[in-house]
Each structure stands twice: as C-alpha cells, then as structure tokens.
Amino acid sequence: MSKPVKATAWWNNAHNRAIMFQVLLAAGVVLFFFYIGNNALHNMEQRGITTGFKFLNQKAGFGIIQHLIPYNEGNTYGRTFVVGLLNTILVSVLGIICATILGFLIGVARLSSNWLIAKIAAVYIEIFRNLPLLLQIFFWYFAVLRTLPSARNSLHFGQWAFLNIRGIYVPRPVYEPGFGWVVAAFGLSIATIIIIKLWAKKRQEQTGQQFPVLLSSLGLLIILPAIAYVATSTPLHWEMPQLKGFNFRGGITIIPELAALLLALTIYTASLIAEIVRSGILSVSHGQTEAAHALGLRPGKTLQLVIIPQAMRVIIPQMTSQYLNLVKNSSLATAIGYPDLVSVFAGTTLNQAGQAIEIIAMTMGVYLTLSLSISFLMNWYNARSMLKER
Amino acid sequence: MIVHTPHPDLPPPSTSVGVIGWLRNNLFSSPLNSVFTLAAIYVLYQLLPPFFNWAIFDANWIGDTKEACTNDGACWVFIRVRFNQFMFGFYPPSQYWRVISSFLLFGGLIAYLLIEGLPKKAWIAAFTVIGYPFVAYALFYGGFFGLEVVETYKWGGLMLTLILSTVGMFFALPFGIVLALGRQSAMPVARSISIVFIELWRGVPLITVLFMSSVMLPLFIPEDIRIDKLIRALIGISMFQSAYMAEVVRGGLQALPKGQNEAAEALGLSYWQSMYLIVLPQALKTVIPGIVNTFIELFKDTSLVMIIGLFDLLSIIQSSFTDAKWLGFSVEGYFFAGLVYWIFCFSMSQYSQHLEKKLHKGHKR
C-alpha cells in the first residue's frame with residue numbers, strides 16, 4: 001500500500017496562482033487609475049478648470065492660415081477641430097501618394113543593373129533615412145522656402161507658376177457647365193477598360209490569344225474624354241495667379257508650411273519605402289525568376305505576373321505601417337506652424353481653452369482611431385493574401 | 001591516327017574585360033541604360049562641384065566673428081564659435097570634464113561589451129546596468145563628492161540628446177520585455193492589459209505623448225510634487241518607446257520554436273525560470289538588430305523634445321539662428337546638425353546590419 005499522494009498547497013497550484021496574480025494585477029491597474037483620476041479632479045478644482053466638452057461650442061477667436069472648409073475667427077472650437085483634422089488628412093494623403101511613387105522609383109533604382117543609378121539610389125536612402133524628420137522639415141522650411149524672394153521678385157515658370165516667400169502659386173482650373181460630360185466620358189472609358197480587361201483575361205484562358213489591354217486602355221482613356229472635351233467646346237480654362245500690389249491673387253496658393261512639410265515627409269518616407277520595396281523584391285527567390293524564364297515569359301511579364309504579386313505579400317504590411325507613421329509624423333507640422341490637428345487643436349485651442357485632458361484625449365483618439373482602423377484592415381488583408389500552405 | 005590538338009583559347013575581346021568591359025556591363029548595357037547613365041552623370045555634375053565648393057573649397061574656417069566670413073562658401077566659423085554650446089547646452093564650461101568623462105566611461109564600457117573575446121563581460125555588463133547610472137547621475141547633476149549642482153535646465157545640445165535616448169532605452173527595454181511576455185501570456189487579464197497599453201502608445205504620435213507628459217502629467221500627481229521638465233519628457237519617451245520595444249521582442253518570442261518552451265516545461269522549470277534561462281536569451285539574441293533599429297528611431301525622435309522646450313542638439317542649433325550677431329547661417333547649422341545625427345545613426349545601422357549577418361549564420365539551414 002502506497003501512501004496517498006500529498007496534495008500540493010492550494011497556493012502552489014498553477015491555476016490558482018494565475019487567478020491570484022491576475023486579480024492583483026487588475027486591482028493594481030484600477031487603483032492606479034483611481035489615484036490619478038482623484039488627483040486630476042483635485043488639481044483641476046484647485047486651478048478652476050471646468051470639465052466636459054461644452055468648450056467645443058465656444059467662440060475660437062483665432063484665425064487659421066489654411067482651411068479646407070469655410071472658417072473664420074467667429075467659429076467655434078469644435079470647428080477648429082474639424083479644420084485641423086482636414087488639414088492633417090490633406091497633408092497625409094498627399095504625402096502618402098508622393099512618397100509611394102518616389103519610394104517605388106528609388107527602390108527599383110536601387111536594384112537597377114546600372115551601377116551608377118543603383119549607387120545614387122543607395123546614397124539617397126542612406127542619407128535621408130538617417131536624418132531626423134524634424135531636421136528635414138526645418139531645413140526645407142527655414143533654409144529653403146523662407147529664403148525665397150519676395151512676391152515682387154518671384155521665381156516664375158512662364159506665366160503659370162510662381163514661387164516666393166509666401167508660397168507657391170499655380171493656376172486654378174475653372175469648370176464650366178459642359179465639363180460634366182468630360183468627367184462622364186472619363187468614367188465611361190474606365191468602365192470600358194474594366195470590361196475589356198475581364199474579357200481579355202477570359203479569352204486568354206480559353207484560347208491562349210492575348211489582347212493588347214494596356215495600349216487599348218490608354219487609347220480609350222485619352223480619346224473618349226478628348227472627344228467630349230472638344231464636343232462641349234472646351235469647358236475648362238485656367239485662372240492664372242496675378243501679382244496685384246504686394247501679393248498674388250487668383251489661382252491656387254500652396255502655403256510654404258504645407259510645401260515644406262510635404263517635401264520633408266515625402267523625401268523621408270520615400271527612403272524608408274524604397275528599402276521595403278527592395279527587400280520585398282529580393283525576398284522572391286531567384287528560382288521563381290528562373291522558372292518564369294523557363295516558361296518563356298519575357299522579363300516584363302515575369303515582373304508583372306510572378307515577382308510583383310509575390311513581393312507584394314512582403315511589401316504591403318510594412319508599407320501600411322509606413323503610411324501610419326507618415327500620418328503620425330505629419331503632427332510635426334506644429335513645429336513650423338502648419339495648421340494641422342496637433343498644431344491647431346492641441347496647440348492653440350488648448351492654450352486658449354485650457355482643457356488639457358479633453359483636448360489631448362480627443363487628439364489622441366483621432367490618431368488612435370486612424371491607426372486601429374488601418375491595422376484592422378491590414379490584418380484582414382494579411383489573412384486573405386497569406387500563402388495558402390498545403 | 002589523327003590527334004586532335006585544339007587551338008589555344010583566344011583572349012576574351014577587349015570590350016568585355018577590364019575597365020571597358022565593366023563600363024559596358026554596368027553603365028552602358030543597353031541604349032536605355034546609357035541614357036540613364038548620362039543623365040545621372042549630368043545631374044551629379046550639376047550638384048556635386050557647387051556643393052563641394054560651398055562646403056570645403058570656398059568655405060571660411062578661420063576667425064571668431066561673422067566678419068571673418070568673406071568667401072562665398074559656408075561659414076564654418078559659426079559652428080566653431082558655437083561648438084561647445086551645441087555639445088553641452090548651457091552647462092557651465094568649467095564643468096565640461098564631468099560630461100566628457102561620463103560619456104568616455106560609457107563609451108569604454110559599451111566598447112568592452114561589444115568587442116568579442118574579452119573576459120569577465122558579465123561583471124562589466126552588471127556594472128553598466130546597475131552601477132553606471134548612479135555614476136552618470138552624480139557626474140551630470142552633481143551634489144555628491146563636493147561636485148557643484150548643475151540644474152537640468154542647463155543641460156542641452158548633443159549631451160541632452162544622448163541622455164534622452166540612452167535613458168529612454170534603459171527603461172524601455174525591461175518594460176518592453178515585460179509587456180511582450182504579457183502579450184504572449186496565457187492569462188487573459190495580463191494579456192489584455194498589455195495589448196491595450198502597447199496599441200495605445202503605438203497608435204499616437206510622439207508629439208502628443210510629449211504634450212501629454214508636459215500638460216497632463218502635472219494634473220495626475222499630487223499638487224505638492226513638482227516633476228522636472230526633463231523627467232516628464234523621459235517618462236513620456238520611455239512609455240512610448242517601451243511599446244515599440246515590446247513589439248520587437250514579441251517578434252523574437254514568436255520566432256522561437258515552440259519546442260523550446262515545451263522542453264523547458266518538461267524539465268520542470270517554472271515560468272520565470274524557463275523564460276529567464278531558455279526563452280529570453282534565445283529570443284533577445286535574434287532581435288538585437290531590431291533593438292538597435294528601434295534605438296536609432298528613438299535617437300532621431302528625441303529631436304521632438306524641442307516642442308516642449310528642451311534644448312537638445314537640433315533645438316539649440318535652431319535657437320542659435322536668432323542670435324542677432326549671427327543671422328543667416330541656418331544652412332550651416334542644419335548641415336552640422338545633420339552631420340552629427342547622420343554619423344550616429346549611420347554607424348549604428350551599419351553595426352545592426354553586421355550583427356544581423358553574424359547572427360543569421362547559426363540559423364541558416
């Protein structure tokens with residue numbers, strides 16, 4: 001007869017320990033928040049800070065140099081929030097587009113068989129990704145754009161575009177009623193291209209014959225809108241910027257803050273995207289290229305059908321996180337006074353209204369929502385495009 | 001009987017070997033490539049000679065005042081005159097030796113740890129982590145051994161940049177490891193707290209974190225406690241950085257084969273024992289390059305502390321442009337700042353790539 005096994009003490013049981021530990025942890029977190037919450041209430045009472053979101057309806061009383069929606073000093077703090085948010089979105093979207101194009105070009109150039117081009121791309125990448133973004137923003141703003149000549153001595157490109165210390169002036173398109181037809185023709189040609197593409201793919205799968213989709217699409221894209229444009233008697237003209245007094249009137253003005261921020265964001269992020277593109281293309285094993293060549297695909301088709309689809313699997317997740325970084329980095333705008341969300345709302349509005357907790361929470365909430373929704377989309381895409389391993 | 005004697009091989013055509021062969025293969029392999037090459041040479045010709053003329057040949061190196069800058073090129077006199085301020089901020093010049101010796105000691109310790117094959121590394125590492133912070137504090141701040149106290153608002157320049165990034169890293173690494181373990185843990189409460197913490201900090205820009213630490217943090221603590229501005233920035237940076245660190249460490253934890261964990265359990269090791277002895281040493285080893293890269297990011301990001309009014313390298317250079325005696329030398333200033341940042345970041349990233357190659361060997365099949 002063996003002795004009955006002595007049960008371990010209950011506090012040594014792994015399951016019980018896990019529960020105890022978690023209860024302690026949760027209690028610690030709750031206590032911590034209770035403590036700082038209590039302090040905050042007390043401190044705010046001492047300093048006479050009111051709480052709540054009523055301040056959003058108060059009059060702001062300060063101007064904003066760039067607003068995409070109508071805004072003036074009489075509008076509310078709530079409206080400054082929207083104006084700032086839109087400015088953030090504007091610079092982020094433009095930055096993402098430009099950085100992607102430049103980044104892809106440089107990433108491909110880095111892998112070029114041309115030694116000189118590859119080296120120039122490598123030097124570009126190594127220089128710009130190792131410099132702080134803030135330094136680059138300052139450089140473009142204070143050392144380049146702020147030293148441009150005054151409005152009277154603007155640098156100009158014909159009568160079309162002007163560059164001076166107050167910004168960049170380009171013509172503004174003015175649409176007349178008939179322009180809707182041109183847009184409609186453009187939409188029609190895109191729809192036709194999609195149908196052609198589907199049909200060509202089906203035909204190729206059935207008969208093996210290829211159809212020059214790219215050429216016919218380009219033709220359609222140019223010809224249809226051009227016909228509509230001429231048929232409606234050219235309903236588009238350009239409003240030129242003109243020097244009146246000390247400043248330019250008419251046209252579109254790009255304020256130097258936006259230009260500097262956009263330049264710096266583009267150049268910096270492009271250097272990071274270039275590395276991602278390079279590593280993505282290199283991650284496709286050489287066997288794939290050889291196999292494609294063995295099948296008789298030409299280099300262009302190899303790239304299009306074999307390498308890029310596989311490289312994308314590596315590129316897109318990293319690219320998304322770069323896009324997210326770009327959106328977050330656009331908040332550096334506040335250092336040069338571009339009126340983005342942080343600068344307008346967490347800066348000026350906070351200084352005037354003084355409601356730190358609400359304002360910082362709202363600002364962080366915006367960035368958090370953006371980040372979480374993009375990473376949610378990303379995870380969904382990742383799960384869908386993941387290699388199906390059998 | 002016919003004996004076949006092959007002719008000796010002809011030498012390769014002169015156009016496919018040597019300099020010409022290299023040029024043909026690498027620069028002029030096709031008409032399009034030739035166009036690219038010529039265009040690139042033209043662009044370089046337009047950019048490089050003026051740049052070198054400005055930066056070196058036509059530059060002004062000697063003198064003490066703005067009037068000494070008579071040539072067309074860069075006025076490096078400006079940097080020379082301000083050099084000490086760019087390095088040490090408003091630290092009293094008579095006390096510079098304290099900063100220098102502290103950084104020399106740190107550099108020596110790190111170099112000792114990085115050079116392969118030196119003995120007693122464990123002791124040196126322990127001193128670097130446990131003893132050195134106190135030595136550095138005593139040297140920087142003073143108040144011990146009869147050293148004069150230097151308040152933190154006098155710290156600045158490159159010195160402050162280095163302090164911010166190393167101290168941020170010092171706290172972020174252990175905290176990041178704990179968070180990464182929490183995120184991988186089987187306990188739901190610990191896991192969700194870690195996830196919320198990590199995603200929260202990673203989802204917001206560092207600027208708002210710094211704003212928060214300078215505006216909101218004073219509200220969260222009892223009103224009779226005042227926290228130094230530098231400490232507040234450091235708290236913000238450490239929190240922010242630890243979330244990023246946690247994700248890097250998590251990458252290493254996930255890359256580790258499950259068998260390691262199971263083997264540790266089979267040996268009867270407790271959770272902490274298996275983490276400390278089996279899992280973390282392997283996981284951390286694989287993510288050292290990632291950790292170095294995060295450190296580079298942090299090093300660049302410390303420039304944002306300017307927004308809350310600390311005088312790091314970039315900030316002190318930026319503020320020097322407003323000096324009425326030295327107006328108009330911003331390009332020189334930015335160039336110098338860029339050079340310093342670049343040297344640090346580039347050498348660290350080269351080191352991280354070297355490590356990556358070295359560590360990769362063992363795992364290659």
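Here is how names work: the chains are called A, B, and so on, in the same order as the sequence lines, proteins then strands, and each is numbered from 1.
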Margin query: If I measure from the heavy atoms of chain A, does L200(B) come under 4.5 Å with its side chain, its backbone, both, or neither?
Written below: both

Margin query: Please give me the minimum heavy-atom distance between L131(A) and G338(B), naming the atom from each residue.
Written below: CD2-O, 3.2 Å

Check: Could you go step by step and tell me if F335(B) and F139(A) meet the side-chain contact (heavy atoms from CB on, under 4.5 Å) rule?
Finding: CA-CA 9 Å; F335(B) 191 84; F139(A) 175 78; over 6 Å; no

Next item on the list: Determine the minimum heavy-atom distance between Y244(B) and K328(A), stating which atoms define it.
Entry: OH-NZ, 3.1 Å

Checklist line | Interface residue of largest heavy-atom contact number with chain A, from F346(B), Y334(B), F344(B), F299(B), under 4.5 Å | finding: Y334(B)

Notebook entry, point to check: Between T363(A) and chain B, which part of the residue has a heavy atom less than 4.5 Å away: side chain, backbone, both or neither?
Noted result: side chain

Margin query: List the residues meeting ring pair (Phe, Tyr, Trp, His ring centres under 6.0 Å) with F36(B), not counting sequence neighbours, and say none if there are none.
Written below: none

Next item on the list: With a 4.5 angstrom heavy-atom cut-off, could you sort out which part of I193(B) is near chain A: side chain, backbone, both or neither?
Entry: side chain

Check: Going by heavy atoms in the side chains, are F211(B) and S331(A) under 4.5 Å from each other?
Finding: no

Margin query: Between R146(A) and chain B, with a heavy-atom cut-off of 4.5 Å, which part of the residue counts as in contact: side chain, backbone, both or neither?
Written below: neither

Margin query: I'd like to know which of I357(A), T369(A), N325(A) tops the heavy-atom pair count under 4.5 Å against chain B.
Written below: I357(A)

Next item on the list: Please tell me if the side chains of R202(B) and S371(A) come closer than 4.5 Å, counting only heavy atoms from C-beta onward.
Entry: no

Next item on the list: Considering only heavy atoms, give the residues of residues 24-32 of chain A separated from chain B by less than 4.5 Å, sorted numerically, with 'none' for an empty result.
Entry: L25(A), A26(A), V29(A)

Next item on the list: Below 4.5 Å from any heavy atom of chain A, which atoms of I307(B) appear? Answer side chain, backbone, both or neither.
Entry: side chain

Next item on the list: Heavy-atom pairs under 4.5 Å with chain A are the metric here; pick the option from S34(B), P218(B), A186(B) that has the most.
Entry: P218(B)

Next item on the list: Using the test side chain to side chain donor-acceptor pair (under 3.5 Å), find all partners of D312(B) that sit at least two apart in sequence or belong to another chain.
Entry: Y341(B)

Margin query: Measuring from atom OG of S112(A) to atom CG of N33(B), what distance do you get when rounded to the nearest 0.5 angstrom?
Written below: 5.5 Å

Notebook entry, point to check: Contact part of M212(B) toward chain A, heavy-atom cut-off under 4.5 Å: side chain, backbone, both or neither?
Noted result: both

Checklist line | Residues, nucleotides or ligands: over 12 heavy atoms within 6.0 Å of Q350(B) CD | finding: yes

Item checked: Heavy-atom pairs under 4.5 Å with chain A, option from P222(B), A40(B), S270(B), S330(B) with the top count -> P222(B)

Margin query: Other residues, nucleotides and ligands only: do more than 12 of their heavy atoms fall within 6.0 Å of OH on Y45(B)?
Written below: no

Margin query: Restricting to non-hydrogen atoms, name the atom on L219(B) and the atom on N43(A) that form the minimum distance, rounded to 0.1 Å.
Written below: O-ND2, 2.7 Å

Next item on the list: Among the options A143(A), A361(A), G37(A), pick out the one with the most heavy-atom pairs lying under 4.5 Å from chain B.
Entry: A143(A)

Notebook entry, point to check: Which residue out of P188(B), A190(B), A337(B) racks up the most heavy-atom pairs below 4.5 Å with chain A?
Noted result: P188(B)

Check: By a 4.5 Å heavy-atom criterion (distance strictly below it), what part of L350(A) contacts chain B: side chain, backbone, both, or neither?
Finding: side chain

Item checked: Stepwise side-chain contact (heavy atoms from CB on, under 4.5 Å) check, N130(A) with S349(B) -> CA-CA 9 Å; N130(A) 284 321; S349(B) 81; 4.3 Å; yes

Next item on the list: Could you tell me which non-hydrogen atom of L134(A) sits nearest to which non-hydrogen atom of S303(B), and how far apart they are?
Entry: CD2-O, 3.3 Å

Check: Who are the side chain to side chain donor-acceptor pair (under 3.5 Å) partners of R183(B), not counting sequence neighbours?
Finding: E199(B), E247(B)

Notebook entry, point to check: Looking only at atom types and distance, does a side-chain atom of K300(B) sit under 3.5 Å from a main-chain N or O of R129(A), one as donor and one as acceptor?
Noted result: yes

Check: Who wins among V209(B), V43(B), V215(B), I221(B) for the most heavy-atom pairs under 4.5 Å with chain A?
Finding: I221(B)

Notebook entry, point to check: Rounded to the nearest 0.5 Å, what separation is found between the OG1 atom of T208(B) and the CG atom of L341(A)?
Noted result: 9.5 Å

Check: Side chain, backbone, both or neither: which part of M348(B) has a heavy atom under 4.5 Å from chain A?
Finding: neither

Item checked: Part of I120(A) within contact of chain B (heavy atom distance under 4.5 Å) -> side chain

Item checked: Pairwise side-chain contact, M306(B) with F138(A), heavy-atom cut-off 4.5 Å (strictly under) -> yes

Margin query: Could you check whether atom CZ of R191(B) has more than 12 heavy atoms from other residues, nucleotides or ligands sitting under 6.0 Å from it?
Written below: yes

Check: At their closest point, which heavy atom of T37(B) faces which heavy atom of L116(A), and how far apart are they?
Finding: O-CD2, 3.8 Å

Check: With a 4.5 angstrom heavy-atom cut-off, which part of I41(B) approaches chain A: side chain, backbone, both or neither?
Finding: both

Note to self: Just so I understand: if I count every heavy-atom pair under 4.5 Å between each of V23(A), L324(A), L332(A) and chain B, which residue has the most?
What the structure shows: L332(A)

Notebook entry, point to check: Does any heavy atom of chain B fall under 4.5 Å from the side chain of L135(A), the backbone, both, or neither of them?
Noted result: both

Notebook entry, point to check: Is any side-chain heavy atom of Y35(A) closer than 4.5 Å to a side-chain heavy atom of F220(B)?
Noted result: no

Note to self: Given 3.5 Å as the limit, does a donor-acceptor pair link the side chain of W342(B) with the main chain of E126(A), or not?
What the structure shows: yes

Notebook entry, point to check: What distance do M216(B) atom CE and M364(A) atom CE have between them, rounded to the nearest 0.5 Å?
Noted result: 7.0 Å

